[in-house]
There are 2 protein chains.
Amino acid sequence: MKSEHIPKATIARLATYIQVLSEFKREGTDVVSSERLAEACSVNSSQIRKDLAYFGEFGVRGVGYYVQDLITSIKRSLGIDRAWNCGLVGVGNLGRALLRHREFSRKGFILRGAFDCDPYKIGEIVEGMEIVCSRQLPAKVKELSLEIGIITTPPERAQRAANYLVGAGIKGIINFAPSRISVPSHIHLEYVDFFHHFYAAAFHIRFAEHQE
Amino acid sequence: MKSEHIPKATIARLATYIQVLSEFKREGTDVVSSERLAEACSVNSSQIRKDLAYFGEFGVRGVGYYVQDLITSIKRSLGIDRAWNCGLVGVGNLGRALLRHREFSRKGFILRGAFDCDPYKIGEIVEGMEIVCSRQLPAKVKELSLEIGIITTPPERAQRAANYLVGAGIKGIINFAPSRISVPSHIHLEYVDFFHHFYAAAFHIRFAEHQE
DNA sequence: CTGTGAATGTGAATTTTGTAACAAAACCCC
DNA sequence: GGGGTTTTGTTACAAAATTCACATTCACAG
């Protein structure tokens, strides 16, 4: 209910809740109990109620949650009830794949700028977007009101990309490059590395084998 | 030291340690203390020592950790000191991007099979790999010794892909599709959804703004 | 060969997160 | 409109993860 510190895990679960709630909506379910939602998300039902309690009271006692309302409430709580302008730095394989990824705009993250420092790439059009020199970041961040920077450079250039973005006044950075970077504490930084899921899978599979 | 239950977060951090240690190695650093490694990973130094203690004693008291040895030890602990054969189901945009992603083989996850149920795609060659009908999964899983299945289908077909994989005897599944699926408890299942990092960024940025 | 300094490994204390339990609230039926 | 039923929101409790603190171990110097 009050905005004390909110666990990282809660944020991740809220994303899951939205996903599952959207499926319920598609199936035509209007109302859902925390119990039923919990089962679909493979979590405990008090977990759901507690996660939601950080942000407010969204349910009706004795009834449950109205699916559409809850989706709207969670989105507002997370701050994704509006669009976020994003700029992507590093137009390699991964960068291109992200630029092509429809889901971004559908989820409210609008890729408005693509940047690279390779002269051969500058000027090229990818998905209707012109690749711009990274040095122009300060101008473009202001012009396009970019708030979130996406780093998809090779690891050795990630820190420089971060510096450009920070200098240009970006508010948050999502780093897809496999290297640690440092930014001022007022910049929100997230690392994306899906390989740790593969590591986890490898570890658990081998551990299960080792058990017998 | 003993193989009790190992926190998920520990696995994720071990991946970070490998990353940072590899950078140290490239820079020519041979020995590193938990203190210095901790700083580079933005974690507490006892955290590192405790994480490692789940798997054994890898350091030398009064000295620190030998970088190369520690990388090797962590990789062995995670079970990535050998190659893992992977099959990918759903050759859409995301699937193709992953098939093209060099990092997989570099990290020891070998993409050996690509499957789809679209007759227009079957037979097509992507990255030197022929797209095969999903119905042939049982045969191919055995033939190619596939252990990990990667699901990159649209959400509505993810469950069916999972069923095929489970029926074919796969050991673990990494689901990139934005939908929950259910599998028998002996199959290890991981969900990959990098949007929750975007949600977290959006939330924290807006919260920071709201503070003042 | 003993003393000194440094950094690990680990048990104990603390903090955080997750679960259970229940009182408060809303609906429904008679 | 009141009692019963259901399900939330919240508090109290349990479990888990993180951090602290220090005894233990190793390298090295004198």
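Each chain gets a letter, A, B and so on, in the order the sequences are listed, and its residues count up from 1.
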Under 30°, 30 to 60°, or over 60°: which ring-plane class applies to B/Phe176 and A/Phe198, parallel, tilted or perpendicular? tilted
Answer with base, sugar-phosphate or nothing: what part of the nucleic acid does A/Ser34 contact at a heavy-atom distance below 4.0 Å? sugar-phosphate
Within the pair A/Tyr65 and C/dA26, is there a side-chain N or O less than 4.0 Å away from OP1 or OP2? no
Can you tell me the distance, in whole Å, between the NE2 atom of A/His5 and the P atom of C/dG18? 11 Å
Can you confirm whether A/Ile71 sits close enough to A/Lys25 that some side-chain heavy atom of one is under 4.5 Å from a side-chain heavy atom of the other? yes
With nearest nucleotide decided by heavy atoms, which residue, B/Arg61 or A/Asp51, maps closer to the 5′ end of DNA chain C? B/Arg61
Report yes if a side-chain nitrogen or oxygen of A/Gln47 is closer than 4.0 Å to either non-bridging phosphate oxygen (OP1 or OP2) of C/dT19; otherwise report no. yes
Among C/dG9, C/dG18, C/dA20, find the nucleotide with the atom closest to the side chain of B/Glu57. C/dG9
Using a heavy-atom cut-off of 4.0 Å across all strands, would you classify A/Ser33 as base, sugar-phosphate, or nothing? sugar-phosphate
Looking across every strand, which nucleic acid part, if any, lies under 4.0 Å from B/Arg36 by heavy atom: base, sugar-phosphate, or nothing? nothing
Below 3.5 Å, does any donor atom in the side chain of B/Lys50 face an acceptor in the base of D/dT19, or the other way round? yes
Charged N to carboxylate O under 4.0 angstrom, A/Arg82 versus A/Glu147? yes
Would you say that B/Phe203 contacts A/Ile6 through its side chain, given a criterion of any heavy-atom pair below 4.5 Å between the two side chains? yes
Nucleotide nearest A/Arg49 (side chain, heavy atoms from C-beta), chosen from D/dT18, D/dT10, C/dG18: D/dT10
Walking DNA chain C from its 5' end, the first of A/Gly62 and B/Gly64 to be reached, judged by nearest nucleotide, is B/Gly64
